[in-house]
Enquirer: 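A single structure is presented below for examination.
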Number of protein chains: 4
Amino acid sequence: MTPPRADAIRNRARILEAAEQVLVEHGTTVSTEEIAKAAGVGIGTLFRHFPTKEELIRGVFEARLQRLAADATRLATDGDPATALATFLRQAVEQSEVKNALTSMLASAGVDVRDLTGEPQRALREALATLLRKAQQSGAARQDLEVPELIGLLAGTSKALEYAGDAASRSRILAVVLAGLRAG
Amino acid sequence: MTPPRADAIRNRARILEAAEQVLVEHGTTVSTEEIAKAAGVGIGTLFRHFPTKEELIRGVFEARLQRLAADATRLATDGDPATALATFLRQAVEQSEVKNALTSMLASAGVDVRDLTGEPQRALREALATLLRKAQQSGAARQDLEVPELIGLLAGTSKALEYAGDAASRSRILAVVLAGLRAG
Amino acid sequence: MTPPRADAIRNRARILEAAEQVLVEHGTTVSTEEIAKAAGVGIGTLFRHFPTKEELIRGVFEARLQRLAADATRLATDGDPATALATFLRQAVEQSEVKNALTSMLASAGVDVRDLTGEPQRALREALATLLRKAQQSGAARQDLEVPELIGLLAGTSKALEYAGDAASRSRILAVVLAGLRAG
Amino acid sequence: MTPPRADAIRNRARILEAAEQVLVEHGTTVSTEEIAKAAGVGIGTLFRHFPTKEELIRGVFEARLQRLAADATRLATDGDPATALATFLRQAVEQSEVKNALTSMLASAGVDVRDLTGEPQRALREALATLLRKAQQSGAARQDLEVPELIGLLAGTSKALEYAGDAASRSRILAVVLAGLRAG
DNA sequence: AATGAATGAGGGTTCATTCAT
DNA sequence: GATGAATGAACCCTCATTCAT
């Protein structure tokens, strides 16, 4: 009934933020205690907001999906249809800051990344669909591609970039994928 | 000094085999006990052969690398230079049987996949170098590609395929990557 | 100094009532939060009235003792001396509604039921003393019995009845105890 | 296949023994750690033998039932039919060493004492049946009594005795119950 | 006075690793 | 060499209690 207290909202956000950082850095095996410490809250507070480690991880994951969806939507609206898809992929993939792609967070236990149920997943799928359609209409992407492949390639490219030794290597990997997307 | 007993050798092999299967199926979080059970040996035996869980995982990983290197070498020797690289990538990636790519095994704890030290890594690198050189000479691969990118793309493609819903989706993802490798 | 606010009084009563119900149903291991929810108040409120879980439990216990004492007093005043004691025991023991006797609430942690200090304990002891004396004078109870035994038998009979499978079994258990009380 | 190792058997026994003592003394809320310490084993060992706290408690309980059943059987075989039942009840009830009856251990969480499934329960029921039948045949017990009531009275008497202040009080409580059992 | 978010000690349980058999 | 029982640090999570709102 009553709206949540201001400090509760703030804490939830801090936890999500810290969790993302710590999880991306150390993988899902880090202890919840570690995450709580990074967020500057007690362990009890963390569990009040996310009653299960799995739910916390899912929360982080879905927040990430939401940001991706927002990015995709923005580009689909504002950007040049011919380049928007490539730009999106570049951005999305940069964001993971070299270490551990958006998905390897969940690689191991718990969350099944391929579960496309859930609102954030739906939002991302829809935004990507628009982006892809526009790219295809302007000849910037193969006609046969569909959204699931796009998501896979997003995750895969992230993964691939982990192996790049330097910036030149990174850009060559990206070039390969982008060329592949274009090629009809 | 004395050569290992016959049953010791056999046990080592059984452990590696069982470990690969179990790790691929359940991720690195499975207990060593589980692995020992799958191998049909006591945990004591497992730890005698691999004094650490990490070393066991590394062992599985390197065995896989060795098989990859052997495949690559075979194709580099016997195959058509123009198609060998693509064939290799297809094979390598199929092998992981949809579930869990060769690298996500190590994603979380312990082993850093990008560590290219070690004999198996060297062997794979060398085999891939040959494969890549021949492909480039016959115009089947971009001139700017180097081995690290190839390894990254290998891992990334595996990852990407985890998201494919059906065979058609799989083959489109592969098509994208292969086209990208070719495109100059 | 100032008398407590009307709602404070009402809340205290609601908490005691809810606590009795929940404690009897689930045992002393239920969380205070659960009790607060059942009472329709926040935990903060619960802890304002009973600064400790133990004190809450003791509160519930003493309320129960007070009701027992009132029953005993009423029967000692109004009832037939020859049957009042038996009637009391029957009533007291029925009240716990098969599930969890008045004492098993306190069995585990905290409250020592045998602590006879405290006003409610004193009141019950006194009422029972009267009841017992009258019964003995009218030959309805053994001469050697004293109040502590009576209290023990009360608790014990409650406990015994938990094992009764049906009404017939219950009444046989009661019959045994009542006969025993009478037998000289 | 192979019989359990000697030390494993010994440890299991030590754990059960220590657990009984500690549980009877402090109730089921004591930590497993405490029990392990009392048994002189590591926490891991305790959980290897009893994978759950509940199973440990049940183990203790059933061991106790087995001893009771053995006592009952012995008395039913060797003893004077006219006194065996009373002797059994006296023994059983003394055994709990004043503090906490055999059942209050389980009063709170987990084990439902009234669950009469299980081999030890069956054994006790059967032994009590014999004891009871003989007592009834020799006129030492009411004809209408059945085993469930006997079990309930056993537990109830234990409980009642917790309230006895001194030996005299204890023996009066016992006298009441024994007289009740006899009375026809 | 009432609320419920925050806290952290403590609890049950797992699991990599060691070591007696 | 092989076995599996023993170990205890570490983990996830609960809950009595405190305190800002």
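A, B, ... follow the sequence lines: proteins, then strands. Residue 1 opens every chain. The model shown is predicted, which means the values in this text are computed figures rather than measured ones.
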Enquirer: Nearest whole angstrom, please: distance from the P of E/dG8 to the CD of A/E34.
Expert: 16 Å

Enquirer: For D/E119, check side-chain contact (heavy atoms from CB on, under 4.5 Å) against everything at least two apart and list the hits.
Expert: D/R122, D/A123

Enquirer: Which residue lies toward the 5' end of DNA chain E, A/N11 or C/L46, if each is placed at its nearest nucleotide?
Expert: C/L46

Enquirer: To check you understand the geometry: which heavy-atom pair defines the closest contact between D/L16 and D/V60, and what is its length?
Expert: CD2-N, 3.6 Å

Enquirer: Please list, one pair per line, the donor and acceptor atoms closer than 3.5 Å that link side chains of residues 7-14 of chain B to other protein atoms, with sequence neighbours excluded.
Expert:
| from | atom 1 | to | atom 2 | distance (Å) |
| --- | --- | --- | --- | --- |
| B/D7 | OD1 | B/R5 | NE | 3.4 |
| B/D7 | OD2 | B/R5 | NH2 | 3.2 |
| B/R14 | NE | B/A39 | O | 3.4 |
| B/R14 | NH2 | B/A39 | O | 3.0 |

Enquirer: What do you reckon, is CD of C/E33 surrounded by more than 12 foreign heavy atoms closer than 6.0 Å?
Expert: no

Enquirer: Send over the distance from D/R12 CZ to F/dG4 C1', rounded to a whole Å.
Expert: 17 Å

Enquirer: What nucleotide among F/dG1, E/dG4, F/dT7 has an atom nearest to a side-chain atom of A/R48?
Expert: E/dG4

Enquirer: How close or far is atom P of F/dA16 from atom CG of C/L23, stated in whole angstroms?
Expert: 11 Å

Enquirer: If you look at every heavy atom in B/T32 and B/K53, which pair is closest and at what distance?
Expert: CG2-CG, 3.8 Å

Enquirer: E/dG11 C1' sits how many Å from D/H26 NE2, rounded?
Expert: 16 Å

Enquirer: Once you round it to whole Å, what is the distance between C1' of E/dT7 and NE2 of A/H49?
Expert: 12 Å

Enquirer: Atom CG of A/L56 and atom C1' of F/dC11: how far apart are they, to the nearest Å?
Expert: 15 Å

Enquirer: Using a 4.0 Å cut-off on protein heavy atoms (strictly under), produce a 5'-to-3' string for nucleotides 13-21 of chain E with B for base contact, S for backbone-only sugar-phosphate contact, and - for none.
Expert: BB-SBB---

Enquirer: If only atom types and distance count, is the side chain of B/S31 paired as donor or acceptor with the main-chain N or O of B/E34 below 3.5 Å?
Expert: yes

Enquirer: Give the rounded distance in Å between these two atoms: CD1 of B/I35 and P of F/dT3.
Expert: 16 Å

Enquirer: How would you list, by chain and number, every residue that makes a side chain to side chain donor-acceptor pair (under 3.5 Å) with B/R48, sequence neighbours excluded?
Expert: none

Enquirer: Among all residues two or more places apart in sequence or in another chain, which pass the side-chain contact (heavy atoms from CB on, under 4.5 Å) test with B/Q21?
Expert: none

Enquirer: Using Watson-Crick and G-U wobble pairs whose two distances are both under 3.5 Å, how do you write the pairing of DNA chain E as dot-bracket, with | for links to another strand?
Expert: .||||||||||||||||||||

Enquirer: When you compare the side chain of C/F47 with that of C/T52, does any pair of heavy atoms fall below 4.5 Å?
Expert: no

Enquirer: Starting at atom NZ of D/K37, determine the distance to atom P of F/dT7, rounded to an integer number of angstrom.
Expert: 14 Å

Enquirer: B/T45 side chain: which of E/dA2, F/dA6, F/dA2 is closest?
Expert: F/dA2

